Protein chains: 2
Amino acid sequence: MSILSKLSFKDQAFKLRENAILDATTAILRDKGFDLMTMDDVASAVGISKPSLYKHFKSKEDLVGEAMIRLIDGAADFLAQLDKNLQPIEILSAMLEWALRVRLEGGMPFLPSTSAHVREMLMRNLKYVGRVLKLNHQLEKLVAKAQKSGDLDASLPSDVILFSYYSRTCDPAVEFLQRYSKLDNEQIIKHMLQVCFAGLGTKQPH
Amino acid sequence: MSILSKLSFKDQAFKLRENAILDATTAILRDKGFDLMTMDDVASAVGISKPSLYKHFKSKEDLVGEAMIRLIDGAADFLAQLDKNLQPIEILSAMLEWALRVRLEGGMPFLPSTSAHVREMLMRNLKYVGRVLKLNHQLEKLVAKAQKSGDLDASLPSDVILFSYYSRTCDPAVEFLQRYSKLDNEQIIKHMLQVCFAGLGTKQPH
DNA sequence: GTCTATAAAATGATAGAC
DNA sequence: GTCTATCATTTTATAGAC
C-alpha cells in the first residue's frame, strides 16, 4: 500500500501541490538565494496566488525550512539505503558524490553556507535542526571510523574533516567549473572527489 | 612624499572619509551579505547621512564594487611584495594563508562566491573585472609552473585547481571552525592549508 | 481554499534648504 | 557637502468576497 493511498483524494491533491510548491522553491532558491526569492516568485512559478501559498506555508521562513528539510531527508534516505558492507570512507565518498550529482542536476541550493542570516533562521527551525543533528551524528561516526582505519588523515582534528567535508557539497568551484570549463558533470564530480580526499598537491608524508 | 601630501587638506579629508565608508561597508558585507546590507546601515555606521553617502558613491552597486576592488588590490599588493625567489607552490600557499588570515581577522567578505546575482553585478563593473583578470592571470601562471614542477597534481585540469584554490579562500569551513571548534586562528589556517593541498585522506598514488 | 485588493514596513535614491 | 524630509518601489503578510 503506497503512502498516498492512506489519504483521501483531496489530501492527495494537497500533498501533490505542496510538493510542487517545494520544487519551485528549491529551484528559485538555487537561482536567486533566500534574500532575493520572493513569495510572489514562488506563487507565480506554481501558478497559484500568494494568499493560497500562505495557506500552505505560514511564512517565507517556514516554506524555506520545509524545502531544506526535504533536502536533508533525501540525503538521509540515500545514506540509509547504501550497502552496509561498504567501508566508512566509501560511504563518505558515495554521499559526497550523491550530493554533487544532485546539485549539478539542478536540485540543491545548500543555503546554510550562504549567509549567517539564513543559517540563524534555519537554526531556529527545530524540525530542521533535529534532522541535521541526526545526519551529522551518523557522519561523525563514519569520520571517526575512517580516521581509525587510516583512510582519513588521523592527524587532522575531526572537526576540520567534518566541516571541510560539508563545505565540499556546496563548493563554489562546482558552479564555476559547470559554467566556465568544458568538463561534463561526471568529470566534475570525479575531480571534486579527488580534490576533496587527495588535495591539490602531490602529498608528501607528514 | 606620501601619496596624501599631493592632495589638498580638503581632498585628504575626503579620501579618509571614503576609506572609513569602505571599512564600514566591508564589515557590514561580512556580517550581512550584499542583499541585507542597506545604505542606511552604512551611513549610520560611518556617522553620516544617507544623502552624504550618495555624494561619495553613486549607488549601492558602486559602493560594493569599490570595496571589492580595494580587497583585490590588497591581494595584488601582497603578491607583488613577496620574495621573488619563492617557488610557485610557496607563493600560492602564502597567498592563501594571507587570504585566510585577513578573513579570520574580520576583513574579507569574498562576495563572488555568495550568489549568482552578486557575481553578475560585479562582472558588470569593468574596473573590478580588470583587477580580477590581472590577478587571475598571475595565479594561472603560478599554477601551471607548480604543476610542471610536480608540486601540484598534474593529472588535474588547471581549471579545477584554480577554481578549487579560489574556493578555499571563502571556504565556509573557516567560519564553522571559528565558531564551533576550539581551534585558534593560526591552527585553523594551518589545517585549512593542509586540507587544501593534501586533502582529507591519506593519499594513495595514482 | 482560491482569488482581488490592500495594508504595513523596509529600502534605494533624491529634492531642496542651508 | 551635509542635512531633513520625502518619493517610489518592492515585498511580506492579510482582509474579505466568493
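Predicted, not measured: the structure shown is a model, and the values here were computed from it. Chain naming here is simple, since letters A, B, ... match the order of the sequence lines and numbering starts at 1 in each.
In terms of position along DNA chain D, the nucleotide closest to L36(A) lies nearer the 5' end than the nucleotide closest to the other residue of the pair L36(A) and P51(A).
Taking atom CG on D40(B) and atom P on dA5(D), their separation rounds to 15 Å, with Å as the unit. Taking atom NZ of K15(B) as the reference point, atom C1' of dG1(D) lies 16 Å away to the nearest angstrom. A straight line from CG of D35(A) to P of dG12(C) spans 12 Å, rounded to a whole angstrom. Across the protein-nucleic acid pair, K58(B) atom NZ and dG1(D) atom C1' stand 19 Å apart, rounded to whole Å. To the nearest angstrom, C1' of dT11(D) lies 13 Å from CG of L53(A). Distance K55(B) NZ to dG16(C) C1': 10 Å, rounded to the nearest Å. Remark: C1' of dT11(C) and NZ of K32(B) are 11 Å apart, rounded to the nearest angstrom. Between the P atom of dA10(C) and the CG atom of D41(B) lies a distance of 12 Å, rounded to the nearest Å.
Side-chain atoms of F14(B) lie closest to dG1(D) of the nucleotides dT14(D), dG1(D), dT14(C). Out of dT2(D), dC3(C), dT11(C), the shortest distance to the side chain of S49(B) is found at dT2(D). Picking from dT2(D), dG12(C), dT12(D) the nucleotide with the shortest atom distance to the side chain of K50(A) gives dT12(D). Of all nucleotides listed (dC3(D), dT4(C), dT11(C)), dT11(C) comes nearest to the side chain of T38(B). Distances from the side chain of R17(B) to the nucleotides dG12(C), dT2(D), dA13(D) place dT2(D) closest. Relative to the side chain of S59(A), the nucleotides dA13(D), dG1(D), dA5(C) differ in distance, and dA13(D) lies closest.
Between S52(A) and dC3(C), a side-chain N or O to OP1/OP2 separation shorter than 4.0 Å is present. For H56(B) and dT2(D), the shortest distance from a side-chain N or O to OP1 or OP2 is below 4.0 Å.
Using a 4.0 Å cut-off between a side-chain N of Lys or Arg and a carboxylate O of Asp or Glu, R103(B) and E175(B) qualify as a salt bridge.
Both the sub-6.0 Å distance and the 45° axial angle are satisfied by K60(B) relative to the ring of F34(B). A cation-pi geometry, defined here as NZ or CZ lying under 6.0 Å from the six-membered ring centre and within 45° of its normal, holds between R119(A) and F176(B).
The environment of NZ in K145(A) is sparse: at most 12 heavy-atom neighbours from other residues, nucleotides or ligands sit within 6.0 Å.
In this structure, F78(B) and W98(B) have parallel ring planes: the angle between them is below the 30° cut-off, well short of the 60° mark.
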